[in-house]
Amino acid sequence: MSLVRQLWLSVILILLASSLTNFFISTYFERKNLQEQLYLKNVDDVNSLALMLSQDDKQLTDIELLIAATFDAGHYQRIELIDPAGDSIFKRQYRGELTTDVPALAQKVFHFEVEPGIAQVSSGWNRIGTLYLESHTQYVHEALWHRTQAFFVSFIIISLVAGLIGSLVLHFILKPLDMVVEQAHRFSEKRFMTLPLPRTKEFAKVVLAMNSLAKRFKSIIEDGNKRLDELRYRGQHDKLTGLANCEAFETLLDAQLKYRDREGHNVLFMLKIFGMSEISLRLEKQRVDEIIVEFTQVVFDFTKQIEGRFTDVRFGRLNGSEFCILLTEAEDIQQLSDVLVEAVRAFKGRSRDMYELYILHAGVYLSPDETRTVLMRRVQALLIEASKERAMALIDNKLTIVAPFNDDIQWRKALNNALSDNIHALTFPVVRKDGSAIHYQALMGLELDNDIRKGGYFVHWARRLNMIPQIDVRMIEHILAKIEREENAYDYAILLSYETMIDEPALTSILNLLNRDKSLAQHVCLEVRESVASAHFDLFKHFTLTLKDTGCKIGLKRVGDSFSTLLDLQELGLDYIKIDSAFVYNVSINVSNQNFLRGLCSLAHSLGIVVIADGVTSKEDGDTLFESGFDGMISLMQQF
């Protein structure tokens, strides 16, 4: 029962108890008072009548007439004259039924016992008899009954007014309690938030205690984040530039080639700085390091210039003068290379120290059937050829899979036709250690070129045509319809793009779809890439807190590089995370990654987050991951 209802009940009970007590006491004294007044009336009336009958010498007939006239003119129950011998001389008594609105039960409760008025009637010195007079009690019954009705009406009005005023006052007083309840509710959802202290002293104590718990938990998370970041950075990053070191980047490439969408336009650029040995002899080490750091910033700035033309980016420093950039689901490689050439030219023009440096790069599309070794030989061969030709860039723009659509108009038409009735959901299970499914990963498949194509085949064109939000919304519609058709509904995970997160109409459509039937929405898991969440945390936080209200689950995909740096992670209430295959690949022989992932699992579990390994390629890796604390995995041993 709510507190407001309890207040209403308390007010009614208190008013009822006090009012009934007051009613019974006042009714008792009122009845007694009316009874005394009625008795005094009887005495006064009988004395007046006796005095009239005793005046002059009246015959018996006159006495009877006078008594009858008095009876008929007044409201009397009985007037009787009894002689000294005890016999009735004359008696008038009302024997009819009085018309009254007083219920019989009330008449019994308000029963009046009034003594009759008694007076002596005489003629001269001779006593004629004793006169008895009783008034009707009907009128005092009615007066008391009307007073009772007025009491109950006033009681109801006072109770309603008191309850309404009490509700308003209670609503104002309990406002802080609503915040405390919301805070506790968010705690249960693994969202540890703090509140401002309310003015009410008692509530302030509760809020202070809960805020202290949230801050303590936040401190634990921040400490864990810091240790994780140090562990990850020490084992996988170049100390000078902060880029992935050679070993980490090679692992990333292995995972990319084995696991990522084989139809995707994934691009690898390798950059080499020639002349570093010569300039190292002429300049101090500190200045040489500064040039390397400045060049690293050029690489970062290049990816910012082409933002929106790829999905994910990873950087690596292979040795002192070789750098790599991996772009997934990227647009035309030649156009990207042209931007990179201009960025390098601008960098060389900043300082005289850099004039002696010769920076070039090579670029290739990743082929799904080649190994990392073959890929690196291919791009290094292009670098050697570019150095011989003294060219700033050399690109191999041959694609393994070539789409038959050549321009925006053809692609828009093909995508619209596919979205209308040729959507497919390619699903595979995310399994626990015992083999049961946590949920099913759902990938968008569109029927293009007489075949079902996955995202990598068309996503770069969809991004160019600003159709990504439309595709994501249609995918959610398709999955909800699939869930509705299933007898035993499964959970399905859908990866949403950055373009969808910033598209208000698309978000509104998703909210409407999920709110339409929350029993279906609870089987939907919406994912966002970790790189998007960390780069646009406020946007991701708004996205998460908004969609969580629909009952769906929220997760992060391709987690590893930035999870420990996400701010206010404890307030998000994430349901699960999927660790990037780059950290999972060959983890059974990679002690550094084992330590990092063990710490990541511990941190995530402290927040109630399920941890899933993405792209497990061997039983040894799977066993190692489960021993490290993972809750589930996406296995490539059976799916591909």
Salt bridge (charged side-chain N to carboxylate O under 4.0 Å, His left out) against Glu627, all qualifying residues, sequence neighbours excluded | none
Check for a donor-acceptor pair, side chain of Asp575 on one end and backbone N or O of Ile554 on the other, with a separation under 3.5 Å.
-> yes
Donor + acceptor pair across side chains of Ser588, Glu620 (<3.5 Å) | no
Apply the test side chain to side chain contact (heavy atoms under 4.5 Å, CB included) to residues Lys541 and Thr544: give CA-CA distance (whole Å), side-chain angles for both, the deciding distance (0.1 Å), then the verdict.
-> CA-CA 5 Å; Lys541 185 175 181 180; Thr544 301; 5.8 Å; no
With distance as the sole test, does Thr303 use its side chain to make a donor-acceptor pair with the main-chain N or O of Phe300 at under 3.5 Å?
-> yes
Short side-chain donor-acceptor distance under 3.5 Å, His523 and Asp491 | yes
State whether a side-chain donor-acceptor pair under 3.5 Å links Ser592 with Asn590.
-> no
Pairs satisfying ring-ring contact (aromatic ring centres under 6.0 Å, His included), at least one member in residues 501-522, at least two apart = none
Residue pairs, two or more places apart or on separate chains, that pass salt bridge (charged side-chain N to carboxylate O under 4.0 Å, His left out) and touch residues 300-310 | Arg309-Glu331
Over all heavy atoms of both residues, which pair between Gly629 and His605 is shortest? Give the atoms and the distance, please.
-> O-CE1, 2.8 Å
Considering residues at least two apart in sequence or located in another chain, which fulfil the ring pair (Phe, Tyr, Trp, His ring centres under 6.0 Å) criterion with Tyr498?
-> His536
Taking only residues two or more places apart in sequence or in another chain, which ones pass salt bridge (charged side-chain N to carboxylate O under 4.0 Å, His left out) with Glu447?
-> none
Stepwise salt bridge (Lys or Arg N to Asp or Glu O under 4.0 Å) check, Asp238 with Arg317 = CA-CA 7 Å; Asp238 175 61; Arg317 186 185 184 192; 3.0 Å; yes
Kindly compute the distance separating CG (Leu547) from CG (Asn515), expressed to the nearest 0.5 Å.
-> 9.0 Å
Listed by chain and number, what are the ring pair (Phe, Tyr, Trp, His ring centres under 6.0 Å) partners of His542, not counting sequence neighbours?
-> none
Are Tyr440 and Lys482 close enough that some pair of their side-chain heavy atoms sits under 4.5 Å apart?
-> no
So, Ser436 side chain and Arg432 main chain: donor-acceptor pair closer than 3.5 Å or not?
-> no
Got a sec, which residues hit salt bridge (charged side-chain N to carboxylate O under 4.0 Å, His left out) with Asp396, two or more places apart in sequence or on another chain?
-> Arg378
Less than 4.5 Å apart, any side-chain heavy atom of Leu383 and any of Leu394?
-> no
Rounded distance (nearest 0.5 Å) linking atom CD1 of Ile333 with atom CG of Asn397 | 7.0 Å
Is a side-chain N or O of Asp449 found less than 3.5 angstrom from the main chain of Asp451, in a donor-acceptor match?
-> no
Should Val524 and Ile483 count as side-chain neighbours, where that means a heavy-atom distance under 4.5 Å?
-> yes
Considering non-hydrogen atoms only, spot the tightest contact between Gly560 and Phe583 and give its length.
-> CA-CE1, 3.5 Å
Please determine if Glu322 and Lys272 form a salt bridge, counting it only when a charged side-chain N lies under 4.0 Å from a carboxylate O.
-> yes
Under 3.5 Å: donor-acceptor pair, side chain of Lys553, backbone of Leu526 | no
Hey, could you give me the CZ/CG distance between Arg314 and Leu243, rounded to the nearest 0.5 Å?
-> 12.5 Å
With sequence neighbours excluded, tell me which residues meet side-chain contact (heavy atoms from CB on, under 4.5 Å) with Asp538.
-> none
Provide the closest heavy-atom pair for Val379 versus Ala362 in the form atom of the first, atom of the second, distance.
-> O-CB, 3.7 Å
Residues two or more places apart in sequence or in another chain: which of them pass ring pair (Phe, Tyr, Trp, His ring centres under 6.0 Å) with Tyr585?
-> none
Should Ile325 and His361 count as side-chain neighbours, where that means a heavy-atom distance under 4.5 Å?
-> no
Mark yes or no for whether Thr328, through its side chain, and Asp312, through its backbone, hold a donor-acceptor pair below 3.5 Å.
-> yes
Do the non-hydrogen side-chain atoms of Leu340 and Leu271 ever get within less than 4.5 Å of each other?
-> yes
Taking side chain as C-beta onward, heavy atoms only, is Phe302 less than 4.5 Å from Val339?
-> yes
Ala248 backbone acceptor or donor facing Asn245 side chain under 3.5 Å | yes
Which is it for Phe630 and Lys433 under the side chain to side chain contact (heavy atoms under 4.5 Å, CB included) test, yes or no, and what are the steps along the way?
-> CA-CA 9 Å; Phe630 276 71; Lys433 187 175 183 179; over 6 Å; no
Check step by step if side chain to side chain contact (heavy atoms under 4.5 Å, CB included) holds for Val584 and Met633.
-> CA-CA 10 Å; Val584 170; Met633 69 177 183; over 6 Å; no
CG of Leu513 to OG1 of Thr508, rounded to nearest 0.5 Å, is 11.0 Å
Show your working on side chain to side chain contact (heavy atoms under 4.5 Å, CB included) between Leu327 and Phe269 and close with a plain yes or no.
-> CA-CA 8 Å; Leu327 300 170; Phe269 285 118; 4.1 Å; yes
Listing, residues 464-478 side-chain donor-acceptor contacts under 3.5 Å, not counting sequence neighbours, or none:
from: Arg464; atom 1: NE; to: Asp408; atom 2: OD1; distance (Å): 3.4
from: Asp472; atom 1: OD2; to: Ser497; atom 2: N; distance (Å): 3.1
from: Asp472; atom 1: OD2; to: Thr500; atom 2: OG1; distance (Å): 2.5
from: Arg474; atom 1: NE; to: Leu419; atom 2: O; distance (Å): 3.0
from: Arg474; atom 1: NH1; to: Glu477; atom 2: OE1; distance (Å): 2.8
from: Arg474; atom 1: NH2; to: Leu419; atom 2: O; distance (Å): 2.7

Kindly write out the residues that satisfy salt bridge (charged side-chain N to carboxylate O under 4.0 Å, His left out) with Arg463, not counting sequence neighbours, or none if the list is empty.
-> Glu499
For Lys578, which of Val611, Val559, Ile634 qualifies under side-chain contact (heavy atoms from CB on, under 4.5 Å)?
-> Ile634
Can you tell me if Lys518 uses its side chain to pair, donor with acceptor, with the backbone of Asp549 under 3.5 Å?
-> yes
Ring pair (Phe, Tyr, Trp, His ring centres under 6.0 Å) partners of Phe405, counting only residues at least two apart = Trp411
Donor-acceptor contact below 3.5 Å, side chain Glu370 vs main chain Ser367 = yes
Check the surroundings of atom CG in Asn450: do more than 12 heavy atoms from other residues, nucleotides or ligands lie under 6.0 Å from it?
-> no
Inter-residue atom distance Lys454.NZ - Leu426.CG, 0.5 Å rounding | 7.0 Å
Compare every heavy atom of Thr296 with every heavy atom of Thr241, then report the nearest pair and how far apart it is.
-> CG2-OG1, 3.2 Å
Determine whether more than 12 heavy atoms belonging to other residues, nucleotides or ligands lie under 6.0 Å from atom CD of Glu247.
-> no
Inter-residue atom distance Glu329.CD - His265.NE2, 0.5 Å rounding = 10.0 Å
